[in-house]
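This report refers to the structure that appears directly beneath it.
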Protein chains: 2
Amino acid sequence: MIARRFLSFHQRVFTSSLRVMSSIPPPECLFKDINIPNRQLFGPGPSTMPQVIGSTQAQPLLGHLHPEFVEIMSQVRLGLQYVFKTRNAYTLAVSGTGHAGMEAAILNLAERGETLLVAKAGIWGQRAADLGRRLGLKVEVVEVGDGQIVPLSAIEEAATRVKPAVIFVCHGESSTGIAQPLEGLSKIAHDNGGLLLVDTVASLGGAPFDMDALGVDCVYSATQKVLNAPPGLAPISFSDRAIQKIKKRKERVASFYFDALELGNYWGCDGEMRRYHHTAPISTVYALREALAIIAKKGIDTLIQQHLDTATGLYSQLGEAGLSMFVERKEDRLPCLHTVKVPEGVDWKGVQTALFQQGIEFAGGLGATTGKIFRIGTFGQNSEPEKAKEVVNKFIQVVKEQSKL
Amino acid sequence: MIARRFLSFHQRVFTSSLRVMSSIPPPECLFKDINIPNRQLFGPGPSTMPQVIGSTQAQPLLGHLHPEFVEIMSQVRLGLQYVFKTRNAYTLAVSGTGHAGMEAAILNLAERGETLLVAKAGIWGQRAADLGRRLGLKVEVVEVGDGQIVPLSAIEEAATRVKPAVIFVCHGESSTGIAQPLEGLSKIAHDNGGLLLVDTVASLGGAPFDMDALGVDCVYSATQKVLNAPPGLAPISFSDRAIQKIKKRKERVASFYFDALELGNYWGCDGEMRRYHHTAPISTVYALREALAIIAKKGIDTLIQQHLDTATGLYSQLGEAGLSMFVERKEDRLPCLHTVKVPEGVDWKGVQTALFQQGIEFAGGLGATTGKIFRIGTFGQNSEPEKAKEVVNKFIQVVKEQSKL
């Protein structure tokens with residue numbers, strides 16, 4: 001006891017924590033090397049990351065308000081405006097993966113008690129509806145069968161009836177492989193006093209999209225699909241109309257992390273007087289900058305055209321092999337994520353496993369489409385025609401082998 | 001018109017978007033190389049990242065449910081249990097930076113209308129209180145002056161009075177440099193029917209902490225401080241008591257992204273039947289795994305002791321140079337983030353700028369302490385005695401030079 005009185009406060013605490021510590025030894029698995037095999041990612045994402053994007057993450061960290069990092073953030077904003085095709089000031093990346101973009105969008109655009117109208121063509125519409133209910137919104141759903149697009153007329157009818165604060169549409173529904181047409185939707189939203197929100201997680205850069213021409217009020221996406229960057233950021237853009245609505249909110253946004261005006265200030269959307277908001281994921285921002293640089297050099301429309309051309313080739317390739325696309329009408333198909341019917345008698349899991357053993361990821365369905373379809377992602381550099389053709393050939397071969405079993 | 005009818009749907013959309021595109025050219029800045037200078041980060045974080053952690057991010061992406069990635073997640077969970085000193089099953093990393101950890105914790109632990117008691121000793125208590133109000137909680141604040149710790153008696157008095165669902169305490173208040181004592185707090189929380197939530201963003205691994213021995217119900221942290229990993233993940237752990245409360249909630253958590261039970265399932269906290277929840281930031285998870293491996297090899301208590309020893313040396317070093325610590329009592333100081341009074345007549349910004357030009361980041365104050373203090377972070381590998389001593393010497397020299405001006 002006497003000896004203890006001579007120990008400093010820190011030492012005392014430390015001594016007691018040492019005693020407790022001994023019951024939790026350091027995990028043995030952390031003494032071994034990390035195991036990361038090289039794999040070609042042709043599923044619904046993440047997609048294969050080019051080495052030049054990965055290696056930028058090995059560079060030293062900068063502080064989140066250092067001038068060079070602020071400059072990189074500005075470059076990311078310009079790059080995102082370029083790929084979204086928008087001049088919106090409030091264009092930035094939320095520090096979370098794609099779903100964080102959905103949360104940030106709905107949290108900011110709608111207030112408790114307001115109505116969210118969801119055009120549901122698969123799991124992402126379902127997710128948005130579920131989130132709306134969690135957030136205390138009234139949720140109205142316009143639903144279609146899997147593999148269908150939601151008709152404009154159905155959205156218009158519902159909007160006229162419920163006067164939604166926000167209409168949610170998923171551009172590229174990755175659970176079914178449809179590309180939802182977006183023309184005419186902003187007029188419906190605006191005519192009924194609301195805003196148009198579009199999820200482009202699985203479509204941005206891989207299907208035609210023009211935020212400003214379409215009159216979209218908020219769009220979000222992810223980095224690990226066509227952009228070929230690592231997951232961890234959700235690009236997002238708000239129209240002036242959306243920002244006006246947010247500025248007039250009665251209640252504050254039920255999040256600080258996702259507050260669009262706070263985020264916008266940190267990202268320099270309202271001028272150069274940036275306040276500290278949170279510590280951005282520095283390495284991931286570097287990677288997104290490099291991914292956007294690749295697209296700027298290639299040209300966003302060249303990239304989209306590459307996806308369209310590769311999709312056309314892939315439809316023929318699969319058709320010649322006797323395989324059928326899940327989405328019947330060609331014009332309804334998402335050009336960067338292809339859904340193929342599992343032929344009768346074929347074990348889809350067996351196909352997936354066989355390809356996985358060859359170092360290639362292909363996916364099965366998601367949600368209601370599980371067991372019914374294969375999903376083939378040709379995102380970004382995986383849409384290079386020769387590469388896609390070769391990998392799809394391997395897929396066809398494995399399906400054929402499995403059919404014989 | 002006739003020609004247009006022969007164009008496919010995709011081509012038509014594409015043609016129209018091409019026309020619009022031409023008004024937004026690719027940003028010129030993305031044609032230049034990215035500019036990332038090498039800098040020693042001795043501010044409040046992010047801290048300098050060792051090359052071995054950075055380079056793991058250059059490795060190829062895995063899918064978010066690939067067996068090797070699931071194995072890495074398991075290793076991260078074990079590593080986090082080790083550094084938090086807990087056997088809690090629900091120990092994982094939220095896919096966002098430190099503040100996302102705060103949001104996840106409060107969102108899950110409290111329901112609208114319940115009371116959050118905040119022990120406020122600086123900006124992080126203020127942030128938690130503000131967030132509580134955004135989330136529709138009743139917020140009670142126990143406040144002390146900058147540089148003070150919150151007395152246990154004041155927390156006990158308030159808790160007995162307001163019966164909080166959650167007591168929030170910031171262990172390492174990085175805006176003032178105090179280390180809040182945690183002993184006895186869980187008893188106060190539990191005796192009054194509530195839970196104890198501790199923010200260890202700036203303290204984990206740099207100050208004694210033992211989750212289970214202290215009876216903490218929820219703790220969160222960040223990766224870019226003592227762990228020396230890139231920002232982008234918020235380690236978090238929930239006690240069984242916390243999980244029981246969450247399972248009995250009347251309303252669902254007002255977030256899907258931050259829902260503890262959903263996250264816990266994805267991270268394998270409730271068994272190996274993992275559902276897809278979101279796409280984890282793959283590269284950042286690799287980096288966190290490597291950061292935890294470094295700590296496992298060194299030993300968490302050796303690491304904490306290194307911070308304590310370096311802090312003691314630094315107090316002498318600064319004292320000999322005639323500089324005063326902002327936090328008066330040694331036992332109240334955070335051993336990994338040191339706050340030093342700006343001497344009269346010294347331009348703190350000038351000091352910061354001069355060091356920055358030498359490639360070293362030191363910070364000024366934050367919030368109410370702006371202009372009053374310097375903040376020196378010796379996080380993780382920056383707490384190696386020789387390294388810290390050398391950098392602090394440079395700081396002292398610059399302060400002396402500035403004093404003469």
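So that the names make sense, note that chain A is the first sequence line, chain B the second, and so on, each numbered from 1.
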4.5 Å side-chain heavy-atom contact, [X] and [Y]:
| X | Y | value |
| --- | --- | --- |
| A/Leu41 | B/His66 | yes |
| A/Pro26 | B/Lys297 | no |
| B/Pro67 | A/Phe356 | yes |
| A/Leu131 | B/Tyr257 | no |
| B/Gln75 | A/Pro27 | no |

Practice item. Flag the one option from A/Ala100, A/Gly136, A/Ser55 with the top tally of heavy-atom pairs under 4.5 Å to chain B. Key: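 If we count pairs closer than 4.5 Å to chain B, A/Ala100 comes out on top.
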Between [X] and chain B, with a heavy-atom cut-off of 4.5 Å, which part of the residue counts as in contact: side chain, backbone, both or neither?
| X | result |
| --- | --- |
| A/Ala291 | neither |
| A/Ser255 | both |
| A/Ser74 | neither |
| A/Pro50 | neither |
| A/Arg127 | side chain |
| A/Gln59 | both |

What's the spacing between [X] [atom1] and [Y] [atom2] if we round to 0.5 Å?
| X | Y | atom1 | atom2 | answer |
| --- | --- | --- | --- | --- |
| B/Ile53 | A/Leu61 | CD1 | CG | 9.0 Å |
| A/Arg133 | B/Glu251 | CZ | CD | 14.5 Å |
| A/Ile300 | B/Ile24 | CD1 | CD1 | 11.0 Å |
| A/His64 | B/Thr97 | NE2 | OG1 | 9.5 Å |
| B/Ile34 | A/Arg289 | CD1 | CZ | 5.0 Å |
| B/Ile294 | A/Leu30 | CD1 | CG | 11.0 Å |

Please look at [X] and chain A and tell me whether the side chain, the backbone, both or neither of the residue comes under 4.5 angstrom of a heavy atom of that chain.
| X | value |
| --- | --- |
| B/Thr86 | backbone |
| B/Ser47 | backbone |
| B/Leu366 | side chain |
| B/Leu292 | both |
| B/Arg112 | side chain |

Review point. Which pairs pass salt bridge (charged side-chain N to carboxylate O under 4.0 Å, His left out) with one or both residues in residues 27-40 of chain B, sequence neighbours excluded?
Key: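 Found A/Glu68-B/Arg39.
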What closest approach, in Å, do [X] and [Y] show between heavy atoms, and which atom pair accounts for it?
| X | Y | value |
| --- | --- | --- |
| A/Arg134 | B/Val253 | NH1-O, 3.0 Å |
| A/Ala254 | B/Leu135 | O-CD2, 3.2 Å |
| A/Leu62 | B/Asn35 | CD1-O, 4.5 Å |
| B/Pro60 | A/Ile36 | O-CG2, 3.5 Å |

Pick from [options] with the largest number of heavy-atom pairs that fall under 4.5 Å of chain A:
| options | value |
| --- | --- |
| B/Ile72, B/Leu233, B/Val76, B/Thr284 | B/Ile72 |
| B/Thr48, B/Val83, B/Asp130 | B/Asp130 |
| B/Pro46, B/Gly232, B/Gly96 | B/Pro46 |
| B/Cys29, B/Ala222, B/Ala363 | B/Cys29 |

Determine all donor-acceptor pairs shorter than 3.5 Å in which one atom belongs to a side chain in residues 276-283 of chain B; sequence neighbours excluded.
| residue | atom | partner | partner atom | Å |
| --- | --- | --- | --- | --- |
| B/His277 | NE2 | B/Phe256 | O | 2.9 |
| B/His278 | NE2 | B/Ser95 | OG | 2.6 |
| B/Ser283 | OG | A/Gln57 | NE2 | 3.1 |

